[in-house]
**Student:** 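My questions all concern the structure below.
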Amino acid sequence: MDNGKSTRTFSPKVHLRDAVRKAYQPPKSLALIRLLDRIHRNETPGSGKDAEITSMENQREILKKKIQRRRAMMKNKLRVAVHSANREQKVEKICYKKYFQTMARRVLLLNRVFARMRACAMENGDHSGICSNAMQLKDSVQEEERDLLFNPNNFKCRQQVSFPIWARKVCKSKPEHRTPEQLHNIVSIMRQLKDFRKYSKKMQLLLAKIARYEGFGRRRVVIRKGHFGVCFYFVFSGSVGVVIDTDEDKAFDKDGRSLVNVMRKGDSFGEVALVQKCRRSATAVCMEYTEFLVIDKDQFYELGIDKFAEEEMMFRFNFMKSLDIFSTWKDDDLIELASGGRNMEYLCDKVIEEDSTKSEFIWIITKGHAHVLRLLDLPVLENLQRNEMFKNQKDRKKNREMTSAGTSRSGYYSAKSTDLNSKPTSPGGLLPGYNTPARLTPVSPISETTVNQQRRSIKKRDSNHSLSSGYSSDAGRTSPRQNWQNLRKKAIKKIKTPKFVNQLSEIPSWQRIAGAESCKGNLGLGAYIRIDTLGHGDVFGFKYAAKEENRHVDCLKKFVLLSAGCDVIRISKPNVQKMTDNETISKIEQFEPGYPSDEILFEVYRRYHDWRTFREKLVDDIALYQTNVTKAINNRSLSIPKIPRIENKAYSRIQSPVEHWNMLKEEGHLKQEENSQWKVTPIPSTEKDMDEVIKRLRAAPFLQDQLLKAKGSQRQLILTHGGDRVNRFPKVVTIKQ
Ligand SMILES: Nc1ncnc2c1ncn2[C@@H]1O[C@@H]2COP(=O)(O)O[C@H]2[C@H]1O
């Protein structure tokens with residue numbers, strides 16, 4: 001081994017190369033380093049401490065194997081880790097799946113239970129039994145919990161679903177070639193159509209057996225007026241326009257005035273000519289690509305669909321004939337109206353009509369109830385009240401100054417009619433606790449520009465005054481002029497940043513109003529108020545049948561018709577408009593009274609809201625009082641707390657805005673004037689009244705083992721004579737009478 005050393009000549013180049021190589025050599029295991037060290041020291045293998053190392057070759061082999069083994073171990077460990085991670089993921093997935101499945105099962109079960117309950121209630125004719133009060137529900141849910149409410153609209157399919165290809169094939173084949181399984185599947189698809197669901201299950205199967213599939217493009221005439229009827233149609237997708245004319249082009253007029261009806265998915269048509277055995281009464285044309293399921297005339301009679309359709313039509317005719325409003329109409333007109341109409345069924349909380357101003361239909365309630373709702377734009381109305389307040393402050397100030405400063409200076413402060421709300425206020429002045437005068441005229445929401453105009457005009461007037469009068473105030477003495485300026489500054493400040501303060505947050509009104517104006521219909525903060533409940537025989541939307549110039553003010557306002565579980569007859573508005581005579585119009589005015597203005601509704605809403613807050617506060621105060629009393633009894637250093645004070649406001653025990661409104665009417669505070677506008681007279685707040693309120697509160701049944709639900713706060717508590725109080729406060733609350 002010496003040779004190696006002796007033969008090796010020193011060369012700086014080689015040395016450098018070795019050094020670089022060494023530096024870049026991968027790290028070696030300790031055994032290898034030791035071995036190399038020994039070799040370097042010229043020790044023969046097999047000599048020295050490690051006797052088991054026989055040769056360098058063997059040693060290398062062993063090391064290689066060791067390294068390989070270690071690598072394999074690492075790989076194995078990695079594999080195990082990956083495997084376990086995958087398994088965890090899988091387990092997680094399975095957990096989610098199971099959770100979803102249980103939830104889905106629960107939802108399905110609940111659905112079935114509710115459907116059964118609804119069906120039972122409907123069978124017994126008790127529509128009210130299945131009505132939940134949607135208003136109350138929406139009202140009582142806190143803002144943060146509102147998202148939790150299940151909104152089916154979020155899950156509605158936004159795209160039109162066309163008839164499946166396999167089903168098309170089946171419906172194009174001959175009826176005798178259709179298998180029971182195929183029929184069953186077709187029935188389940190066709191059950192999406194509400195007009196199809198009306199038939200019995202047996203009839204549905206028969207219809208599935210004979211239905212033929214057709215698809216027509218835009219402008220294709222399906223039925224032409226005056227032709228003989230040969231088919232009856234269900235619309236599966238797309239839309240069909242109906243015009244009472246032979247010319248189908250009228251359906252595509254830009255103004256759309258000739259269109260008497262638009263049939264969409266779920267509607268059926270073409271039964272009139274088949275039932276009455278006459279020619280087609282209207283032209284039906286495709287407004288877009290539309291798919292139909294067609295029943296031929298012979299089968300239509302064979303299955304007895306004609307009898308079914310006739311029965312429905314006769315029901316509509318007889319029902320409308322029984323109504324006072326149609327008593328002067330000719331039978332032919334009524335038959336025409338009934339044949340274009342439809343019988344519909346709405347479950348509770350379904351929106352029947354979203355926007356009364358855009359509606360194409362008039363609705364007659366035949367069974368159950370429906371609510372008329374009005375959406376209040378709270379920031380706008382709040383602002384209106386503020387402006388009214390500002391004006392009243394100004395008026396009061398003016399009156400005071402007139403009496404104090406004499407009549408000579410009064411000219412300065414007489415505001416010309418530059419104010420936004422120069423309309424007369426109610427003779428009674430302000431309502432107790434609200435500083436809001438009752439207003440008689442319907443008011444349109446004020447815009448930012450109007451307020452800016454007002455500010456500008458005030459500025460202008462002010463500068464004119466200062467120029468012309470040259471009035472200067474003495475130091476240390478506030479003149480009436482200064483007073484007015486201070487007042488104006490305060491008021492303008494108020495206008496600059498008016499805020500709608502609700503329980504949860506402060507929302508700047510201007511932004512909201514600007515937002516509401518820029519994107520119409522998208523209100524900043526609104527509240528639906530139920531203003532009417534329609535029952536058997538009531539008609540919604542008849543006011544629109546009058547000519548535009550004769551229409552009621554309410555026709556400009558948007559109302560929502562919400563089902564509380566009802567059956568309705570839907571008739572097309574253009575048909576009614578065509579047939580309505582003057583006598584009917586005068587009847588409409590008589591039968592459909594005007595609804596109160598938004599301000600009155602807002603006032604009712606505020607009172608209701610205040611009552612709720614008051615009730616909650618009262619409950620809190622009592623609870624706090626009780627705890628403090630117990631504390632004071634236990635700890636003598638504490639003073640006995642004062643009995644909670646009831647605010648000096650005339651409250652009554654009300655349940656909802658509508659009840660409050662009815663109560664106001666009953667007590668004579670709310671009256672309808674001759675011009676069919678509503679007027680609120682203020683409720684006097686006197687000592688006597690206060691006694692009355694306290695008496696009412698004390699004698700209220702909720703003090704006698706009744707459950708008082710503080711709506712809105714989701715808090716429930718029981719106030720009893722020495723009984724328990726449920727919820728947050730652990731202490732017992734006793735109220736002495
Ligand atoms: N407002 C309407 N007036 C008349 N027919 C209508 C109206 N709305 C829909 N239709 C349907 O249009 C069809 C035209 O043919 P039919 O007369 O056989 O039956 C008619 C009704 O089914």
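In what follows, every heavy atom counts, from backbone to side chain, and hydrogens, waters and symmetry copies are set aside. Read the numbers this way: they start at 1 and go in the same order the structure lists the ligands and their atoms.
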**Student:** Would you say the side chains of T283 and E248 form a donor-acceptor pair under 3.5 Å?
**Tutor:** no

**Student:** Which atoms of ligand 1 have any heavy atom of I244 under 4.0 Å away?
**Tutor:** 3 (N), 4 (C)

**Student:** Of all the atoms in ligand 1, which lie at a distance below 4.0 Å from a heavy atom belonging to N261?
**Tutor:** 8 (N), 9 (C)

**Student:** For Q276, state whether at least one heavy atom is located under 4.0 Å from any atom of ligand 1.
**Tutor:**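 No; Q276 lies far enough from ligand 1 that no heavy-atom distance drops under 4.0 Å.
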
**Student:** Regarding H369 and T533, do their side chains bring together a donor and an acceptor under 3.5 Å, going by distance alone?
**Tutor:** no

**Student:** Measuring from non-hydrogen atoms of A284 to any atom of ligand 1, is the shortest distance under 4.0 Å?
**Tutor:** no

**Student:** Looking at R264 and S237, would you say the former's side chain and the latter's main chain have a donor-acceptor pair under 3.5 Å?
**Tutor:** no

**Student:** For ligand 1, which part of I223 has a heavy atom less than 4.0 Å away: the side chain, the backbone, both, or neither?
**Tutor:**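 Answer for I223: side chain.
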
**Student:** At under 4.0 Å between heavy atoms, is it the side chain or the backbone of N575 that contacts ligand 1, or both, or neither?
**Tutor:**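 The answer is the side chain.
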
**Student:** Supply the atom-to-atom distance N261 CG to R570 CZ, rounded to the nearest 0.5 angstrom.
**Tutor:** 5.5 Å

**Student:** If you count the atoms of ligand 1 from 1 in the order shown, which ones are under 4.0 Å from a heavy atom of A273?
**Tutor:**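 Ligand 1 atoms under the 4.0 Å threshold to A273: 16 (P), 17 (O), 18 (O).
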
**Student:** Please report whether the ring centroid of Y213 lies less than 6.0 Å from that of F163.
**Tutor:** yes

**Student:** Could you walk me through whether R212 and E214 pass the salt bridge (Lys or Arg N to Asp or Glu O under 4.0 Å) check?
**Tutor:** CA-CA 7 Å; R212 195 159 38 85; E214 296 281 7; 2.6 Å; yes

**Student:** Among all the protein's non-hydrogen atoms, which is closest to atom 5 (N) of ligand 1, and how far away is it?
**Tutor:** S281 OG, 3.8 Å

**Student:** Against ligand 1, does S572 come closer than 4.0 Å with any heavy atom?
**Tutor:**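 Within the 4.0 Å threshold, so yes.
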
**Student:** Using 30° and 60° as the class boundaries, would you call the ring planes of F308 and Y199 parallel, tilted or perpendicular?
**Tutor:** tilted

**Student:** What protein heavy atom sits nearest atom 2 (C) of ligand 1, and how far off is it?
**Tutor:** G340 CA, 3.7 Å

**Student:** Tell me whether D247 is salt-bridged to K225, with the criterion being a basic N under 4.0 Å from an acidic carboxylate O.
**Tutor:** no

**Student:** Looking only at protein heavy atoms, which one is nearest to atom 6 (C) of ligand 1, and how far off is it?
**Tutor:**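 Of every protein heavy atom, V242 CG1, 3.9 Å lies nearest to atom 6 (C) of ligand 1.
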
**Student:** Measure from NZ or CZ of K297 to the centre of the six-membered ring of F232, then state whether that distance is under 6.0 Å and the direction lies within 45° of the axis.
**Tutor:**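 That pair does not qualify as a cation-pi contact.
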
**Student:** Answer with yes or no whether A282 contacts ligand 1, where contact means a heavy atom under 4.0 Å from a ligand atom.
**Tutor:**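 Yes; A282 lies near enough to ligand 1 that a heavy-atom distance drops under 4.0 Å.
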
**Student:** From atom 9 (C) of ligand 1, work out which of M263, E271, R280 has a heavy atom at the shortest distance.
**Tutor:** M263

**Student:** I want to check a possible cation-pi pair here: R191 against F196, using under 6.0 Å from ring centre and within 45° of the ring axis as the test.
**Tutor:**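 The answer is no; the distance or angle limit is not met.
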
**Student:** May I ask whether T283 places a heavy atom under 4.0 Å from ligand 1?
**Tutor:**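 No, T283 has no heavy atom closer than 4.0 Å to ligand 1.
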
**Student:** Counting only heavy atoms, tell me which of A338, A309, G270 gets closest to atom 22 (O) of ligand 1.
**Tutor:** G270

